[in-house]
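See below for the structure under consideration.
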Amino acid sequence: MPLLVMIIAVTLMSLLLLAVGEAIPTTLDGPFKSLTRRFDPSLRRGSDDLPMDHPRLRKRNVSSDLPQQIALALSSPTSMWVSWVTGDAMVGKDVKPLDPSLVASEVWYGKEKGKYLVKKKRNATVYSQLYPFDGLLNYTSGIIHHVLIDGLEPETKYYYRCGDSSVPAMSEEISFETLPLPSQDAYPHRIAFVGDLGLTSNTTTTIDHLMENDPSLVLIVGDLTYANQYLTTGGKGVPCFSCSFPEAPIRETYQPRWDAWGRFMEPLTSKVPTMVIEGNHEIEPQASGITFESYSKRFAVPASESGSNSNFYYSFDAGGVHFVMLGAYVDYNHTGAQYVWLKEDLSKVDRAVTPWLVATMHPPWYNSYSSHYQEFECMRQEMEELLYQHRVDIVFAGHVHAYERINRIYNYTLDPCGPVYITVGDGGNIEKGDVDFADDPGKCPSPRDNIPEIGGSCPLNFTSGPAKDKFCWDKQPDWSAFRESSFGHGILEVMNSTHALWTWQRNQDVYKDDSYGDQIYIVRQPNLCISPAASRDASEGREKSGDESRFSSPSLSMFICMFLVFLHM
């Protein structure tokens with residue numbers, strides 16, 4: 001009998017190993033041989049900006065008192081920010097800001113439809129974008145409301161309305177589901193990543209596709225609206241507005257585009273918490289040296305909650321994942337406030353509670369495209385060691401309008417304990433997709449070509465390997481596992497404390513069942529990749545995850561458990 005059991009077990013295990021091996025690769029199979037998938041250039045190009053009178057951009061409410069641009073953002077595991085806009089923004093030479101004190105900011109919420117047991121209030125704000133130069137128009141926003149609702153239970157559906165009940169002007173009832181509490185056994189259902197969106201027909205496809213994937217959390221890695229390019233710089237489909245005023249020292253940004261973007265995104269952001277980080281298109285300089293005014297005023301982020309003194313960098317937990325959102329357009333040097341904050345934040349992470357550590361920023365540190373090649377080498381040199389020491393698992397970025405997945409790496413050297421870097425700046429904006437690679441003949445940029453808008457330049461010549469004494473490689477670098485220039489978005493599904501399924505989905509596959517551009521299990525190895533910062537894994541966290549790290553698929557781990565039960569029957 002024992003011999004028969006063993007034969008059956010070995011046979012079943014062999015069949016399952018074969019099936020699993022053919023299905024989805026894991027990072028344990030890497031580092032992977034470099035692969036480039038080239039497509040018809042027509043699929044990579046951008047599309048026209050949607051006009052302001054497009055049905056998805058227009059105001060839907062007759063009354064300006066009714067909330068619009070409703071959005072959710074995480075504050076803590078038991079609290080949520082609710083944001084919206086009321087009133088009419090104004091554009092003109094002489095504009096007068098609205099008075100936010102004349103409008104209430106209220107959120108009613110509860111766990112049953114139509115029954116709101118809790119009501120929260122908070123103050124509102126406005127902002128202006130000023131261009132006191134002949135020919136340029138100023139802007140003042142509608143009233144922007146941010147209300148914190150707390151006392152929320154994990155993994156629970158809530159119903160809410162927001163607005164001003166005294167007018168009355170309350171929104172329709174909307175619902176959302178809270179995320180699980182920090183735990184190595186609980187994770188968001190699906191986490192969506194997208195960057196460099198804008199407002200084009202390609203953006204529409206991207207967001208529609210993303211919503212079909214039913215995420216429970218969304219992260220946008222910078223460059224949200226491209227308001228600084230709508231009717232300003234010219235390009236396919238739009239006139240060159242600011243070209244009429246060549247003497248103006250500041251390029252005007254078309255601020256109503258922010259309002260249009262908020263309305264466009266509302267079907268998603270009003271139901272799913274959406275976390276953002278600033279990109280270069282959010283800089284938007286205006287008079288008196290003011291920058292990032294739209295980004296700073298429109299988005300509520302858990303900065304103070306995470307010990308940060310700036311909305312440009314912060315962190316938060318979502319189940320067993322700790323997210324660190326890094327700012328590339330503020331000081332990131334060792335002596336700066338952001339670095340000091342990051343060091344302290346990472347030192348507090350308990351990998352027995354939040355095993356996964358994920359960082360995001362707008363520009364990628366590792367990038368083999370000509371566009372933005374080595375642009376943020378200074379930031380990498382300042383911060384990479386800190387992320388490596390604390391065993392960050394994945395780093396997401398945008399900025400490059402294409403997709404690229406990087407083998408585990410540290411300091412340009414393949415390293416099984418380095419993060420997996422993923423670029424998802426392929427949301428679909430008007431600047432078109434990036435199709436040239438730095439290793440293509442004649443496509444290597446000059447070290448002077450890619451200079452960041454804020455921060456210094458640290459061009460690097462490689463000191464060893466195939467690119468020794470060169471600025472660019474002559475072929476796709478060994479650290480670049482896969483790259484493709486199609487538009488799309490990505491979904492991260494964390495299975496347990498060691499396995500997460502990453503799927504990149506291209507826009508051209510939106511109508512195809514079970515189709516994707518790239519898919520891989522990202523596997524943590526806490527027993528192999530031990531660091532001083534992760535020493536707390538040694539107790540109960542590692543006890544649960546140690547066996548799992550040996551297998552390349554959760555289904556295989558499940559089979560082993562079933563097999564052990566079978567042996568004891």
Side-chain angles (χ1 to χ4, degrees), residues 25-35 321-322 324 326 332 334 339 342-343 346-347 349 351 355-361 363-369 373-374 376-397 404-424 438-439 458 460-468 470 472-473 475-483 492 497-500 502 518 520-535 537-538 542 545-546 548-552:
T26 82
T27 50
L28 298 182
D29 303 322
F32 297 94
K33 184 179 179 181
S34 298
L35 174 65
V321 186
H322 184 72
V324 176
L326 299 178
Y332 46 69
H334 279 69
Y339 188 92
L342 176 61
K343 187 174 182 179
L346 292 176
S347 69
V349 177
R351 305 300 279 266
W356 287 87
L357 185 48
V358 176
T360 76
M361 64 192 79
W365 291 346
Y366 291 96
N367 162 42
S368 67
Y369 288 81
Y373 180 74
Q374 285 199 26
F376 277 79
E377 181 62 17
C378 291
M379 186 181 184
R380 184 193 71 80
Q381 292 179 22
E382 291 288 331
M383 285 188 159
E384 183 184 24
E385 183 178 0
L386 193 55
L387 299 192
Y388 180 76
Q389 287 176 349
H390 288 269
R391 296 297 186 252
V392 169
D393 299 298
I394 318 172
V395 179
F396 289 97
E404 186 167 22
R405 172 169 52 84
I406 305 299
N407 285 312
R408 288 192 179 277
I409 192 173
Y410 169 63
N411 196 26
Y412 283 101
T413 302
L414 297 176
D415 189 316
C417 295
V420 174
Y421 288 82
I422 297 175
T423 298
V424 285
D439 49 274
C458 305
L460 172 72
N461 276 13
F462 295 96
T463 58
S464 62
K468 184 178 180 180
K470 297 177 182 177
C472 293
W473 291 55
K475 61 179 181 179
Q476 184 174 359
D478 59 3
W479 40 263
S480 174
F482 175 67
R483 59 191 185 184
L492 185 70
S497 63
T498 58
H499 289 72
W502 166 252
D518 186 31
I520 189 171
Y521 277 110
I522 298 174
V523 182
R524 296 182 61 246
Q525 294 182 279
N527 289 335
L528 172 65
C529 301
I530 299 173
S531 70
S535 60
D537 271 26
R542 189 172 303 153
S545 63
E548 291 170 333
S549 66
R550 288 185 250 156
F551 305 118
S552 59

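Between P416 and C529, the shortest heavy-atom contact is O-SG, 3.8 Å. Summarising the geometry of A438 relative to C472, their closest heavy-atom pair is O-CB, 3.7 Å, with the distance given to 0.1 Å. Summarising the geometry of W473 relative to P466, their closest heavy-atom pair is CZ3-CG, 3.8 Å, with the distance given to 0.1 Å. The two residues I406 and I409 make their nearest non-hydrogen contact at CG2-CG2, 3.9 Å. V349 approaches H322 most closely through the heavy-atom pair CG2-CD2, 3.4 Å.
Not a single side-chain hydrogen bond (donor to acceptor under 3.5 Å, both in side chains) links K475 to another residue, sequence neighbours left out. Residues satisfying the ring-ring contact (aromatic ring centres under 6.0 Å, His included) criterion with Y410, sequence neighbours excluded, are Y388. With sequence neighbours excluded, the residues forming a side chain to side chain contact (heavy atoms under 4.5 Å, CB included) with L414 are P31, N407, D478, W479, listed by chain and number. With sequence neighbours left out, T27 forms a side-chain hydrogen bond (donor to acceptor under 3.5 Å, both in side chains) with no residue at all. Residues that satisfy the side chain to side chain contact (heavy atoms under 4.5 Å, CB included) test with C378, not counting sequence neighbours, are Y332, C458. Looking at residues two or more places apart in sequence or on another chain, you find a side-chain hydrogen bond (donor to acceptor under 3.5 Å, both in side chains) between W502 and Y403. Scored by the side-chain hydrogen bond (donor to acceptor under 3.5 Å, both in side chains) test, R405 finds D518 as partners (sequence neighbours excluded). Partners of Q374 by side chain to side chain contact (heavy atoms under 4.5 Å, CB included), not counting sequence neighbours, listed by chain and number: E377, Y412, L460, F462, F471.
Contact annotation: the side chain of M383 approaches that of L342 to within less than 4.5 Å [non-hydrogen atoms, C-beta and beyond]. Here the side chains of D415 and R408 are not in contact, with every heavy-atom distance at 4.5 Å or above. Contact annotation: the side chain of D393 never approaches that of I522 to less than 4.5 Å [non-hydrogen atoms, C-beta and beyond]. Between L357 and L387, every side-chain heavy-atom pair lies at or beyond the 4.5 Å cut-off. Side chains of V395 and W365 form no contact here, defined as non-hydrogen atoms less than 4.5 Å apart. Counting heavy atoms from C-beta on, the side chains of F32 and I520 come closer than 4.5 Å. R351 has its side chain out of reach of P526: every pair of non-hydrogen atoms, C-beta onward, lies at least 4.5 Å apart.
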side-chain contact (heavy atoms from CB on, under 4.5 Å) between N411 and R380: does it pass, once the steps are laid out?
CA-CA 9 Å; N411 196 26; R380 184 193 71 80; 3.3 Å; yes

Working note: R483 + T423, criterion side-chain contact (heavy atoms from CB on, under 4.5 Å); need CA distance, chi angles, decisive distance, verdict.
CA-CA 9 Å; R483 59 191 185 184; T423 298; over 6 Å; no

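At a cut-off of 3.5 Å, with distance as the only test, a side-chain donor of S480 or E404 sits close to an acceptor on the other residue.
Under 4.0 Å is where a charged nitrogen must lie from a carboxylate oxygen, and between D439 and K470 no such pair does.
A side-chain donor-acceptor contact under 3.5 Å links S34 to the backbone of P477.
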